[in-house]
Structure formats: C-alpha cells, structure tokens
Amino acid sequence: MSTPTVALGAKQRTPVRPARVVLHTFLVVTALAWLAPLLWAAFSALRPYSETSEKGYVSWPDKLSLDNFTNAFEQSDMLHYFGNTLLIAVPAVLVTLLLSSMVAFYVSRFDFRLNIALLLVFTAGNLLPQQVIITPLYRMYLLIDLPGITMSGKLYDSALGLVLIHVAFQSGFCAFVLANYMRSLPHELTEAALVDGASVWRLYWQIVLPLCKPAMAALATLLSIWIYNDFFWALVLISTGDNMPITSALNNLSGQYFTDPNLVAAGALLTAIPTLIVYFALQRQFVSGLTLGANKG
C-alpha cells in the first residue's frame, strides 16, 4: 500500500475564496476612504495659495514645499499653545485614571447593596450631552472664586477649570472599563493578601493596580487623544487667547477678511503630530488592552 508523498519544498496553496476577496476589497476601500481627507489636506498644505487660487485644487502642482508648515508654526505661536495643552491634558489623564481606578476597585472587589447602582451613576455621566449643561456650568464657573490659585482669580478662564471638566466627563467611561477588567482578576489574589494582613490601600496600589497596566495604557491613549482634540470646552470656558489649547489656537491662522486654507491645513496637520506620537508610543499596550478577554470563554 503506497502513501502519497509531497515533494520537498512544495507549498500548499489555499484556494482564494470569493468572500475573502470581497472582504479585502472592502477593507482597502474603507482604508482609502479614511485616508483620503488626510492625504488631500497634506497635498493642499504642500502647495502655495497663489497656485491653487489660479489653477484650482484639482490640478497638477508646479511646486511643493514646506513653507506653509513653517508659516503656520510661526504665525500661530504653536509652541506656546502646545504647552497650554500639556498643562491640561497630562493632569486630566492622570487624575482621571487615578480616580476611576479607585472607583472600579471598590465596586469590583467589594460586594455591597449599591454596587451596580454606584457604577451606573458614574457611567450615566457620559450619556448626558455636553450642550445640555453648558449654561449652568458656565454660570457656576463664573461664581467660583480662586484668588491666588488661577491667573483669572476664578475657575473660569483657567487650565484648572478645563482639567476638572475633563475629569468629570471621562471618569465614568474609565471606571466602567476598569471595573469590568478588575472583575476578571482572580479573587484568590486579594483574599490571600487579606489573610496576610494587607490593608485595602495595599490591595489596590500594590496588587490590583499593577495587573491593570494593559487596560490603563489603552485608556491613557484614548484619553490623551480625546482631551487633546477637545474644542468645545476650551471655546466655552476659556476667554483669554493666551490660555487657549492648541485646537482653539488654530483660529489665529484665520484672518478677519481672508483665510488661507492651505495654511490652515498645514496647521491642522501639525497639531495632529502629538496624538500620533502618543498612539505609536503606546500602540502595543493599546492593542493588548483592547483585546483583553478575547480568548476567554
């Protein structure tokens, strides 16, 4: 009885299925659709306005240069507004992760009657549209005096005010995600630590929190991008131009009677660089945090 033999070095080719071709075609078209505005903005930013005004944007370029990027960086004083954004985004991300992890630890590792209700209260804050509370929030910010703490002497028109509103709006989502992740951790870890005499703070800080690094990294990436790209709260709660974050500072590139769209496109691309840096720096942790629990039954 002979058995079929396969020649050495021969590779078995899997048949190409129509469904797989359709899937890859859909993914390619979707990727191009998402990249098209970005590529078009980069193409416009590399062209001088005089050329596009004469020949139109749908035309072959005669000259491509980085002059618009240089002018946008200098005219908008972008470095100053990058610093303003860091003063808002970094504390907001750290405080949000700290407070939400505390809430998540309490509702996930301790059983009490209002366990789920407390988590729902934090999560419900994300369901409330920002435009609904802007009027009472604006008046409240004007009434809170902080002499010697902020430059304006009030909570309004200060980086502290933006930090607090971001923490308030983002903590619910982070608490919900971290609570679900902490519930997947073995209870034997905390039970053994309690038997050994560990305090609640030690359980949280030295045992549970280090195990949540992937989820924390994923949330830190999302929070950094969301807070960095915020325009609504900065526009409403900041009145002094020098205190504006980077997204609001793009208004400096728009004139009263004339606006160079190529210059604005270059400025918008420059403001996107920090978010790309954050994403690529935390890409591995971000992906691992998103796929947590994917292999669990």
Side-chain angles (χ1 to χ4, degrees), residues 37 76-78 80-104 117-179 219-256 259 264 267-268 270-272 274-275 278:
S76 64
D77 194 13
M78 196 164 289
H80 170 74
Y81 294 105
F82 273 134
N84 289 349
T85 305
L86 287 177
L87 289 177
I88 297 170
V90 174
V93 171
L94 295 178
V95 174
T96 301
L97 291 178
L98 178 64
L99 296 180
S100 59
S101 63
M102 289 180 178
V103 174
L118 179 62
L119 185 60
L120 290 177
V121 168
F122 277 86
T123 309
N126 293 93
L127 304 178
L128 190 65
Q130 300 174 349
Q131 293 81 2
V132 173
I133 67 168
I134 187 57
T135 300
L137 185 70
Y138 175 78
R139 296 179 64 86
M140 183 182 70
Y141 268 49
L142 289 176
L143 294 175
I144 298 178
D145 295 324
L146 296 175
I149 299 178
T150 62
M151 296 293 293
S152 62
K154 294 182 177 293
L155 191 59
Y156 176 73
D157 195 21
S158 66
L160 178 61
L162 287 182
V163 170
L164 293 178
I165 194 63
H166 285 307
V167 170
F169 262 86
Q170 304 299 342
S171 295
F173 171 75
C174 295
F176 177 77
V177 173
L178 289 175
L219 289 174
T221 306
L222 291 175
L223 288 176
S224 299
I225 295 174
W226 290 341
I227 296 174
Y228 179 88
N229 290 328
D230 171 68
F231 180 76
F232 177 77
W233 290 119
L235 185 65
V236 174
L237 300 178
I238 297 291
S239 60
T240 305
D242 289 340
N243 296 336
M244 292 283 188
I246 190 63
T247 50
S248 301
L250 289 176
N251 290 329
N252 294 344
L253 299 177
S254 301
Q256 183 177 1
T259 299
V264 175
L270 287 175
T271 60
T275 58
V278 171

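Each residue takes its place number in the sequence, starting with 1. None of these values were measured; they are calculated from a predicted model.
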Which residues pass the side chain to side chain contact (heavy atoms under 4.5 Å, CB included) test with Leu270, sequence neighbours left out? Phe69, Ala72, Phe73, Met78, Ile273

Taking [X] for the side chain and [Y] for the main chain, is one N or O donor matched with an acceptor at less than 3.5 Å?
X	Y	answer
Thr96	Gln170	no
Thr247	Asp230	yes
Asn84	Asp242	yes
Ser171	Ala168	no

Between [X] and [Y], which heavy-atom pair has the shortest distance, and what is it?
X	Y	value
Thr275	Ala272	OG1-O, 2.6 Å
Ala175	Val103	CB-CG1, 4.2 Å
Ala234	Pro245	CB-CG, 3.3 Å
Leu97	Ala220	CD1-CB, 3.9 Å

If I take atom [atom1] from residue [X] and atom [atom2] from residue [Y], how far apart are they, to the nearest 0.5 angstrom?
X	Y	atom1	atom2	value
Met244	Asp77	CE	CG	14.0 Å
Leu143	Tyr138	CG	OH	10.5 Å
Ile134	Gln131	CD1	CD	8.5 Å
Asn243	Ile88	CG	CD1	8.5 Å
Ile165	Gln130	CD1	CD	8.0 Å

Do [X] and [Y] have side chains that get closer than 4.5 Å, going by heavy atoms?
X	Y	value
Leu223	Cys174	yes
Leu155	Leu160	yes
Thr271	Thr85	no
Val278	Tyr228	no

Would you check if the distance from the ring center of Trp226 to the ring center of Phe173 is below 6.0 Å? yes

In chain order, what residues pass the salt bridge (Lys or Arg N to Asp or Glu O under 4.0 Å) check against Asp145, with sequence neighbours excluded? Lys154

Full working for side chain to side chain contact (heavy atoms under 4.5 Å, CB included) between Ser239 and Tyr156: CA-CA 8 Å; Ser239 60; Tyr156 176 73; 3.3 Å; yes

Measure the acute angle between the ring planes of Phe169 and Trp233, then classify it against the limits of 30° and 60° as parallel, tilted or perpendicular. tilted

Are more than 12 heavy atoms, taken from residues, nucleotides or ligands other than Tyr81, located less than 6.0 Å from that residue's OH atom? yes

